[in-house]
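For reference, the structure discussed in these notes is given below.
Quick note on labels: first sequence line is chain A, next is B, and so on, each numbered from 1. These numbers were taken from a predicted model, which means no experiment stands behind them.
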Amino acid sequence: MLSSFTQKALQIIRSIPEGKILTYGRIAAFAGKSNGARQISRLLHSMSQKHDLPWHRVVNAHGKISLKPSYGYELQKALLESEGIKFSLNDTIDLKKYLWKDPFKKIKIISGLTFRL
DNA sequence: AGTATGACCGTTC
DNA sequence: TGAACGGCCATAC
């Protein structure tokens with residue numbers, strides 16, 4: 001049984017298209033908690049395999065990977081690059097270019113179910 | 001020195 | 001054992 005917040009967060013994460021990224025804070029805000037960014041990290045950490053999430057499409061608000069080297073950093077970077085995302089010199093992603101804006105314009109949530117439009 | 005952010009954390013159910 | 005809840009806090013800027 002997943003909370004409403006968790007469900008929405010998972011749906012938003014699952015709905016991130018290839019080649020696009022979203023930040024922790026934005027996911028949390030869209031899921032209903034403006035200050036719940038840390039819970040998003042928790043979700044990704046504990047439920048990414050189980051729920052088949054594109055966890056690599058979530059980065060921090062600066063466009064950087066929050067994972068530490070040899071703890072998933074290289075994997076995430078490789079996955080993102082394989083989707084066509086380019087990193088700048090400081091391993092930063094250009095948010096203006098790749099950030100997925102306004103998830104709710106692309107998905108519709110009815111009774112807890114998500115539909116891609 | 002105040003703000004924003006976060007692959008948290010302790011506890012409860 | 002796994003998930004929900006809630007908030008404090010270190011770090012960066």
A/Ser3 side-chain N/O to C/dC5 phosphate OP1/OP2 under 4.0 Å
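Yes, such a contact exists.
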Is the shortest side-chain N/O distance from A/Thr6 to OP1 or OP2 of C/dA4 below 4.0 Å?
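Yes, such a contact exists.
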For atom [atom1] of [X] and atom [atom2] of [N], their distance in whole Å:
X: A/Lys33; N: C/dA4; atom1: NZ; atom2: P; answer: 11 Å
X: A/Asn35; N: C/dG6; atom1: CG; atom2: C1'; answer: 9 Å
X: A/Leu43; N: B/dC9; atom1: CG; atom2: C1'; answer: 14 Å
X: A/Gln7; N: C/dC5; atom1: CD; atom2: P; answer: 11 Å
X: A/Leu95; N: B/dA4; atom1: CG; atom2: P; answer: 17 Å
X: A/Asn60; N: C/dA12; atom1: CG; atom2: P; answer: 12 Å
X: A/His62; N: B/dG6; atom1: NE2; atom2: C1'; answer: 9 Å
X: A/Ile40; N: C/dG6; atom1: CD1; atom2: C1'; answer: 14 Å

Contacts of type side-chain contact (heavy atoms from CB on, under 4.5 Å), residue A/Leu99, not counting sequence neighbours:
A/Leu22, A/Thr23, A/Arg26, A/Leu95
Considering only residues two or more places apart or on different chains, which pairs with a residue in residues 32-47 of chain A satisfy side-chain hydrogen bond (donor to acceptor under 3.5 Å, both in side chains)?
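Counting only pairs at least two positions apart or across chains, no side-chain hydrogen bond (donor to acceptor under 3.5 Å, both in side chains) contact touches residues 32-47 of chain A.
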Pairwise side-chain hydrogen bond (donor to acceptor under 3.5 Å, both in side chains) hits with a residue in residues 80-96 of chain A, at least two apart
A/His56-A/Glu83, A/Arg57-A/Glu83, A/Tyr73-A/Asp91, A/Lys77-A/Asp91
Heavy-atom nearest nucleotide on DNA chain C for A/Ser4 versus A/Lys64: which residue maps closer to 5'?
A/Ser4
Specify the residue among A/Ser46 and A/Gln39 whose closest nucleotide of DNA chain C lies further upstream toward the 5′ end.
A/Ser46
So, taking the atom named [atom1] in [X] and the one named [atom2] in [Y], what distance separates them when rounded to the nearest 0.5 Å?
X: A/Leu43; Y: A/Gln7; atom1: CG; atom2: CD; answer: 11.5 Å
X: A/Ser70; Y: A/Glu74; atom1: OG; atom2: CD; answer: 6.5 Å
X: A/Asn60; Y: A/Ile40; atom1: CG; atom2: CD1; answer: 14.0 Å

What integer number of Å spans the P atoms of B/dT5 and C/dG6?
22 Å
Pairwise side-chain contact, A/Leu44 with A/Ile13, heavy-atom cut-off 4.5 Å (strictly under)
yes
Could you tell me if the side chain of A/Ile16 sits less than 4.5 Å from the side chain of A/Trp55, heavy atoms only?
no
With heavy atoms under 4.0 Å as the rule, sort A/Ala61 into base, sugar-phosphate or nothing.
sugar-phosphate
Interface with DNA chain C, restricted to residues 69-80 of chain A and to heavy atoms under 4.0 Å
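DNA chain C contact set from residues 69-80 of chain A: none.
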Contacts under 3.5 Å, N or O only, protein and nucleotides 10-13 of chain B:
{"unit_1": "B/dG10", "atom_1": "O6", "unit_2": "A/Arg42", "atom_2": "NH1", "d": "3.1"}

For A/Ser48, check side-chain hydrogen bond (donor to acceptor under 3.5 Å, both in side chains) against everything at least two apart and list the hits.
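Counting only residues at least two positions away or on another chain, A/Ser48 forms no side-chain hydrogen bond (donor to acceptor under 3.5 Å, both in side chains).
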